[in-house]
Amino acid sequence: MIRTKWGSLVLAVIVTAVLVLSACSKNEGNNASPSASAPETPAASTSAAESEAASPSPAENLDPLGKYEPGIGLSTIRHTNSGMKFLNGDTIDSNIYTKSYESELGIKVTNKWVVDDTQYAQKLNVSIVSGDLPDFFEVDPKQLQTLIDGDQLADLMEAYEKYASELTKKIWGGINDGKLDTALSKGKLVALPINGGQTDDPDFIWIRQDWLDNLGLQGPKTMDDVLNIAKAFATQDPDKNNKNDTFGLNMNKNIWDGYSGITGFLNGYGAYAYNPTNQSGTSTFWIKDASGKLVFADIQPEVKVALGKLQELFKAKAISPEWATMDGTKASEFETSGKVGMHFGQFWNANWPLADMKKVNPKSEWSIFPLVSADGSAAKVQSLGYRPNRFIVVNKSVGNPEAIIKLLNYFMEKNYGETRNEDYHIVTQGEEQVNTFPYAAIGGSYADTNQNDYALVQEALKTNDPSTLNPTAKGYYDNILAYRGGDLGQWWVEKVFGNQSTYEALAKYKSDPNNYVYNEFYGSPTATMSERGSTLKDMEATVFTKIIMGAASIDEFDKFVADWKSQGGDAITQEVNDWYSKR
Amino acid sequence: MNRLFRLKEMPLHVMLLPGVLFVLLFAYGPMVGIVIAFQKFSPTKGLFGSEWIGFDNFTYVFGLPNTLNVIRNTIVIAVMKMVGGIVFPVMMALLLNEIRARFYKRFVQTIIYLPHFLSWVILSGILWDVLSPSSGIVNDMVGWLGFEKINFLGNENWFPFVLTGTDIWKEFGFGTIVYLAALTGINPALYEAAVIDGASRWQQTWKITLPGLAPIIILLTTLSLGNVLNAGFEQVFNLYGPVVYSTGDILDTYVYRLGLVDFQFGVATAIGLFKSAVSLVLISCSYLLAYRLANYRIF
């Protein structure tokens, strides 16, 4: 009897030991992986060590694309989205970029984790809290500020000066020419802004041309025309199916969305509100008032006017009663199924969500109209992309920060340099176009790449001579010809780069810098902004949504303005203006 | 004898070890993080390097205009769910108990149990379609009855009821099984005696079945008291939007937005700690009640 008891005791001990040991070994594995950042090149020192002091190692190789021998490892983290396609066998962990990094630069880039776009910020916040940071990674302005405060970031000044290639410097500029100076902190270059300088992101009015034709209507010249078209679409059976089942204007519950948001509508009334619900309460938009002071765009009287007009449309049943519960995906299904004939959105809307609609319903046709204003003069459009809001930062613990500059050089070289190769940009696989450039761990572009490609494509279409086109533009050119030859799957390329396309409209916006309204505040989030931003953002989203739905009277806007000011807004305004005067 | 007794127990203790370690690591270990509630927490400075600010986070949170409203929403929604989560399964169990066809009884039991296994991420998509004013079947029925169609998910008056209703729908099959099990424990002799005395079906239910269920009903009710501040993060998060913040925003979603979207860890932890403190008091009370009313003890 006792023997069997002993037997079970032994068994229990073994089971427990196995469990505990396996847990331990797992931990070791986890601890081991991030240490990949190699200490092989101690010479490439950190921060302050001034240039001459660091030079005793004469073998220091300043080649911007020089290979590490032996190779080094760098860890990062990535975000993907459902629109991201991969070539056969490729993944975000293993693709043309990761392979080339390793074979040509001697840098093995590994992803500690990969999540969907929508969860990246939250997951990264968790990583920052737990101190489990990779060697280099992408952050937003608020995360950047937190990391600066915690002194967690490597100074990239020396690495950039020494290792950035001519091409990289041409595209990104020197330390003080506009782009990089948004990432300076106390004389250190603490990050690389990977966007900014872009002016491609204003809204357009997207209207179903076939519905306009059915009703004998013209495109809008003023905001009143927009309202009338929306109402006509809702009441006059534009799809000719003898059912009252259509709506005029599509919206979704994220009212600041680049697809079916309200930004373009507001711009039409000279209103430039922006305070997205899915970002931290510090992503706000500030404009200059008549006295030259910065004011919060969302509390200006023009916003009230625009919200009132949206409420009018909602009450006239020109906006779906369900819009406030629909996210962007639901709204897109609603639109591509032919229930709604107009939305405000950015240039890429042709690609998503409208790209497949033409295939399903060849009779549908979308026209793109530049934003119009209330009095018929040219509307000023709002651009957020002009100020960088995404940055790549390098962990202070990384021994060779210049490796990140090399990765950047490599991207620039393969996309814009002499050894430019379309395999690193867009590849055609079967009938699909696969974008390979987003695989790069660090990228960036000429602010006007697409615009320049548009001009090239237009020229080639006129002369029927594609020989001068770069590989990217050649791809667009071929696809436009394919569309004109009957391949409806390429419809969106025509809409973005062809005739009456979004870039044609953007060229008009860009023809005069005065057409644009930029965010005048691009410092790091102020103290009160960080503290109160969340509450103020919730309040704004609720009030705006309710006003549009008619659940609150338009006069609630005045109460919102008063509340915003008293609950921290006045302090924020003061801080923002302090920054502005010291800038 | 004593020695032998201990030896016999040893394997059991050893087998308990992983579980105890697990609880220590994942339940007691993270409690150190409570200090964040009293700090101006900066992630990069860490738990012990951040500035100590006492109760400032609490004064700040309870000074925010939304907080009291959020607490009210949480309690209202949680209490409605608790009440519905008792009444409906009991009713269902009583009804099923009356069914003679065993196959049909099992069939119904399985069907109503199924939603319990679906996640709210999936269900929210389904519910959106089902409840939609333009294309949803629920609103079609509302329309047939001659009422104005209702925007269930976009109307702040309806939203808490939608949350409650869908939660009950999802979970009542699970509760039903518990009560059905309790029903089998009632002595059949009681029913036979009642029949001989001429009791009707209804009288039997009222005088025998319900009193027989009473201990388990009281027990489950009191134990659920600890959840008064848990209104179901996953469900609300997948269904809400700014338009229903005023009645649908609960403590957990509020903490999520403050902490993970807006980076205010100190504040979020302060709310979490407040919630834990209230829950601890309630659980202690419910344990006492369970002991008094249903003679249920853990220790």
Side-chain angles (χ1 to χ4, degrees), chain A residues 2 5-6 8-13 15-16 19-20 23 121-122 125-126 128-131 142-143 146-147 149-152 245 253-255 277-282 320-327 330 339 530-535 537-546 549 551 563 567, chain B residues 4 7-18 21-22 25 33 36 41-47 49 60 64-67 125 128-129 131-136 149 151-157 159 239-246 249 254 256-265 267:
Chain A
I2 288 177
K5 284 290 171 197
W6 272 109
S8 56
L9 173 62
V10 170
L11 186 68
V13 168
V15 167
T16 317
L19 279 174
V20 171
Q122 282 85 317
N125 286 352
V126 173
I128 293 175
V129 176
S130 61
K142 186 148 186 183
Q143 290 160 338
T146 307
L147 292 164
D149 292 344
D151 194 21
Q152 297 260 302
D245 62 350
K253 71 177 170 186
N254 175 12
I255 52 179
T277 38
N278 54 0
Q279 291 178 29
S280 80
T282 55
S320 163
E322 285 160 80
W323 74 269
T325 60
M326 291 198 280
D327 57 16
K330 285 272 182 211
K339 293 275 183 266
S530 300
E531 193 175 289
R532 292 281 164 166
S534 172
T535 317
K537 172 190 67 180
D538 285 352
M539 181 168 76
E540 179 175 337
T542 311
V543 171
F544 282 20
T545 308
K546 280 191 179 171
M549 294 188 77
D563 288 346
Q567 291 176 22
Chain B
L4 187 66
L7 266 182
K8 272 179 164 177
E9 273 186 349
M10 266 313 278
L12 298 176
H13 286 295
V14 175
M15 281 195 276
L16 199 59
L17 198 60
L21 279 178
F22 184 86
L25 264 178
I36 294 176
F41 181 68
S42 163
T44 49
K45 289 184 193 143
L47 276 184
Y60 167 65
L64 285 180
N66 296 343
T67 307
W128 193 92
D129 283 330
L131 297 174
S132 151
S134 60
S135 56
K149 293 200 172 181
N151 192 355
F152 288 104
L153 293 174
N155 181 315
E156 51 190 347
N157 298 325
F159 192 69
L239 288 173
Y240 82 155
V243 66
V244 291
Y245 276 170
S246 60
D249 198 14
Y254 191 54
Y256 168 83
R257 290 205 310 281
L258 276 178
L260 282 184
V261 180
D262 266 285
F263 236 55
Q264 301 191 54
F265 300 104
V267 176

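Here the structure is a predicted model, which is why all the values come from computation and not from measurement. Numbers restart at 1 for each chain; the letters A, B, ... are given by sequence-line order, proteins then strands.
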Enquirer: I'd like to know if A:D538 pairs up with B:R257 as an ion pair, taking the criterion as any Lys NZ or Arg NE/NH1/NH2 lying under 4.0 Å from an Asp or Glu carboxylate oxygen.
Expert: yes
Enquirer: Heavy-atom distances under 4.5 Å only: say whether A:Q152 touches chain B with side chain, backbone, both or neither.
Expert: side chain
Enquirer: Applying side-chain hydrogen bond (donor to acceptor under 3.5 Å, both in side chains), name anything that partners A:Q143, two or more places apart in sequence or on another chain.
Expert: A:N125
Enquirer: Out of A:V543, A:I128, A:T325, return the one with the most heavy atom pairs under 4.5 angstrom to chain B.
Expert: A:T325
Enquirer: With a 4.5 angstrom heavy-atom cut-off, which part of A:E540 approaches chain B: side chain, backbone, both or neither?
Expert: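 Neither; nothing under 4.5 Å.
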Enquirer: Just checking, is any N or O donor in the side chain of A:T545 or B:Y245 under 3.5 Å from an acceptor N or O on the other one?
Expert: no
Enquirer: So which of A:K330, A:M549, A:K142, A:K546 has the biggest tally of heavy-atom pairs under 4.5 Å with chain B?
Expert: A:K330
Enquirer: Checking heavy atoms, do the side chain of A:S130, its backbone, both or neither come under 4.5 Å from chain B?
Expert: neither
Enquirer: Hey, which of A:T146, A:D563, A:T277 has the most heavy atom pairs under 4.5 Å with chain B?
Expert: A:T146
Enquirer: For chain B, find which of A:E322, A:Q122, A:R532 contributes the most heavy-atom pairs closer than 4.5 angstrom.
Expert: A:E322
Enquirer: Return yes if a side-chain donor-acceptor contact under 3.5 Å exists between B:Q264 and A:S534, otherwise no.
Expert: no
Enquirer: Taking side chain as everything from C-beta outward and backbone as N, CA, C, O, which of these in A:L147 sits under 4.5 Å from a heavy atom of chain B? Side chain, backbone, both or neither.
Expert: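 Contact with chain B involves both backbone and side-chain atoms of A:L147.
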Enquirer: Would a 4.5 Å heavy-atom cut-off, applied to side chains only, mark B:F152 and B:F159 as touching?
Expert: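 Side chain of B:F152 against side chain of B:F159, heavy atoms only: no contact under 4.5 Å found.
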Enquirer: With chain A, which of B:S134, B:G125, B:G154 has the greatest number of heavy-atom pairs at distances under 4.5 Å?
Expert: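 Heavy-atom pairs under 4.5 Å are most numerous for B:S134.
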Enquirer: Once ring-ring contact (aromatic ring centres under 6.0 Å, His included) is applied, do any residues pair with B:Y60, and if so which ones, sequence neighbours excluded?
Expert: none
Enquirer: Examine distances only and state if a side-chain atom of A:K253 and a backbone atom of B:Y240 form a donor-acceptor pair shorter than 3.5 Å.
Expert: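 Such a contact is found between A:K253 side chain and B:Y240 backbone.
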Enquirer: Using 0.5 Å steps for rounding, measure from the CG atom of B:N151 to the CG atom of B:L131.
Expert: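 B:N151 CG to B:L131 CG: 9.5 Å, rounded to 0.5 Å.
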Enquirer: Which bit of A:M326 is near chain B, if near means a heavy-atom gap under 4.5 Å: side chain, backbone, both or neither?
Expert: both
Enquirer: Relative to chain B, which of A:D149, A:V129, A:V126 shows the most heavy atom pairs under 4.5 Å?
Expert: A:V129
Enquirer: Hey, which of B:S132, B:G49, B:G241 has the most heavy atom pairs under 4.5 Å with chain A?
Expert: B:S132
